[in-house]
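Below you'll find the structure, written out as structure tokens, and then a few comments.
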Protein chains: 2
Amino acid sequence: MSIDHEGDRPVYLQIADIIAGRIASGDLQPRRRIPSESDLVQEHGVARDTARRAVAHLREQGLVYTVPQRGTFVSPPADPADEGEQPS
Amino acid sequence: MSIDHEGDRPVYLQIADIIAGRIASGDLQPRRRIPSESDLVQEHGVARDTARRAVAHLREQGLVYTVPQRGTFVSPPADPADEGEQPS
DNA sequence: TTTCATTTGTCCGTATGTATT
DNA sequence: AAATACATACGGACAAATGAA
């Protein structure tokens, strides 16, 4: 799970792939938080911008969703936990 | 409240402004659901693509977050006490 | 259990206006 | 002038997940 800084594939996509793999394997489960940007910076030795790009890519792919000031979480959720019901 | 299809400002930004206003006024509260894309289509008489653009804009601004297959919700205010917590 | 409505995700088109090349 | 690219806007279709009945 190490990063190749020389290869053709952008580093941020390599990191996104790693996280996507952890989601696919069940290591990261629905509605659980994924590693923070700071975590990714430390784990992979990359700049914060690179970590941010990796998360943004996963978000665009629909694999995760971000709650501002709280973190980024695996989607879709397994537990409703009634936070979104609209009593119309 | 109504949409101007002739003006310079894109329709999707006009709709985003309306929703942002409802958030700012407290009409739409943190962690509560905002109108669905279908709701926006009916309320404003636009295509779904336009409604999606409006929501995407708000999401990019950090005002809302989307949980796939569940809906889009108002972002919570910054709260330093929740580090590492799940959004439920 | 099945059925149905809701909601978002994703793709296919078309058309228009603007900007660039 | 012409071709290309992009953004906006509309219309339609289907898939996947959820939730309620």
Side-chain angles (χ1 to χ4, degrees), chain A residues 9-10 12-13 15-35 52-88, chain B residues 1-23 26-76 85-88:
Chain A
R9 192 157 179 75
Y12 81 91
L13 287 182
I15 295 176
D17 287 344
I18 291 171
I19 299 173
R22 294 183 60 188
I23 293 174
S25 72
D27 181 27
L28 294 173
Q29 297 186 337
R31 301 205 80 186
R32 300 293 314 213
R33 217 170 60 120
I34 72 171
R52 188 192 61 78
R53 282 172 187 262
V55 174
H57 179 75
L58 293 168
R59 189 165 49 241
E60 289 162 5
Q61 301 303 112
L63 280 171
V64 303
Y65 61 95
T66 296
V67 181
Q69 311 306 331
R70 281 192 164 77
T72 297
F73 305 84
V74 177
S75 62
D79 180 23
D82 80 331
E83 64 159 319
E85 297 310 313
Q86 193 80 334
S88 58
Chain B
M1 286 251 310
S2 67
I3 301 301
D4 175 19
H5 288 263
E6 309 302 325
D8 284 349
R9 190 155 180 76
V11 175
Y12 80 93
L13 287 182
Q14 295 181 47
I15 295 176
D17 287 344
I18 291 171
I19 300 173
R22 294 184 60 187
I23 293 174
D27 182 27
L28 295 173
Q29 297 186 340
R31 316 199 71 178
R32 305 268 345 202
R33 230 195 56 182
I34 72 171
S36 72
E37 294 170 0
S38 296
D39 291 337
L40 297 177
V41 166
Q42 290 192 1
E43 291 172 9
H44 299 108
V46 296
R48 190 184 167 208
D49 176 71
T50 304
R52 284 183 63 78
R53 282 175 187 267
V55 174
H57 179 76
L58 294 168
R59 191 164 49 238
E60 289 162 4
Q61 303 303 113
L63 279 171
V64 303
Y65 62 96
T66 295
V67 181
Q69 270 69 55
R70 295 208 54 226
T72 296
F73 308 83
V74 178
S75 297
E85 293 296 324
Q86 292 184 63
S88 63

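The sequence lines fix the lettering, A, B, ..., with proteins before strands; numbering per chain opens at 1.
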Which atoms of nucleotides 6-9 of chain D (N or O only) lie under 3.5 Å from a protein N or O atom, and what are those distances?
{"unit_1": "D:dT8", "atom_1": "OP1", "unit_2": "B:Y12", "atom_2": "OH", "d": "3.0"}
{"unit_1": "D:dT8", "atom_1": "OP2", "unit_2": "B:R53", "atom_2": "NH1", "d": "3.3"}
{"unit_1": "D:dA9", "atom_1": "OP1", "unit_2": "B:V11", "atom_2": "N", "d": "2.4"}
{"unit_1": "D:dA9", "atom_1": "OP2", "unit_2": "B:V11", "atom_2": "N", "d": "3.2"}
{"unit_1": "D:dA9", "atom_1": "OP2", "unit_2": "B:Y12", "atom_2": "N", "d": "3.2"}

In Watson-Crick or G-U wobble terms, with both distances under 3.5 Å, the base opposite D:dA7 is C:dT16

When rounded to whole Å, the CZ to P distance for the pair B:R48 and D:dA13 reads 14 Å

Is B:S75 reaching over with its side chain to a backbone N or O of B:L63, donor-acceptor style, under 3.5 angstrom?
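Checking the backbone N and O of B:L63 against the side chain of B:S75, a donor-acceptor pair under 3.5 Å is found.
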
Quick one: list whatever passes side chain to side chain contact (heavy atoms under 4.5 Å, CB included) with [X], sequence neighbours left out.
X	result
B:D8	none
B:E43	B:P35, B:D39, B:L40
B:P30	B:P77

Interatomic distance, CD1@B:I34 vs CD1@B:I19, rounded to 0.5 Å, equals 4.5 Å

* Straight-line distance of B:H44 NE2 to B:I15 CD1, nearest 0.5 Å ->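 Answer for the NE2-CD1 pair, B:H44 versus B:I15, is 5.5 Å.
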
_side-chain hydrogen bond (donor to acceptor under 3.5 Å, both in side chains) partners of residues 47-58 of chain B, not counting sequence neighbours, each pair once_ =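 Checked against side-chain hydrogen bond (donor to acceptor under 3.5 Å, both in side chains) - neighbours excluded - the pairs reaching residues 47-58 of chain B are B:E37-B:R48, B:E37-B:R52, B:D49-B:R53.
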
Min and max contacting nt of DNA chain C in 5' to 3' order, chain B heavy atoms within under 4.0 angstrom, are C:dT7 to C:dT10

Is there a side-chain contact between B:L28 and B:V64 in this structure, where contact means two heavy atoms from C-beta onward sitting under 4.5 Å apart?
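Answer no - side chains too far apart.
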
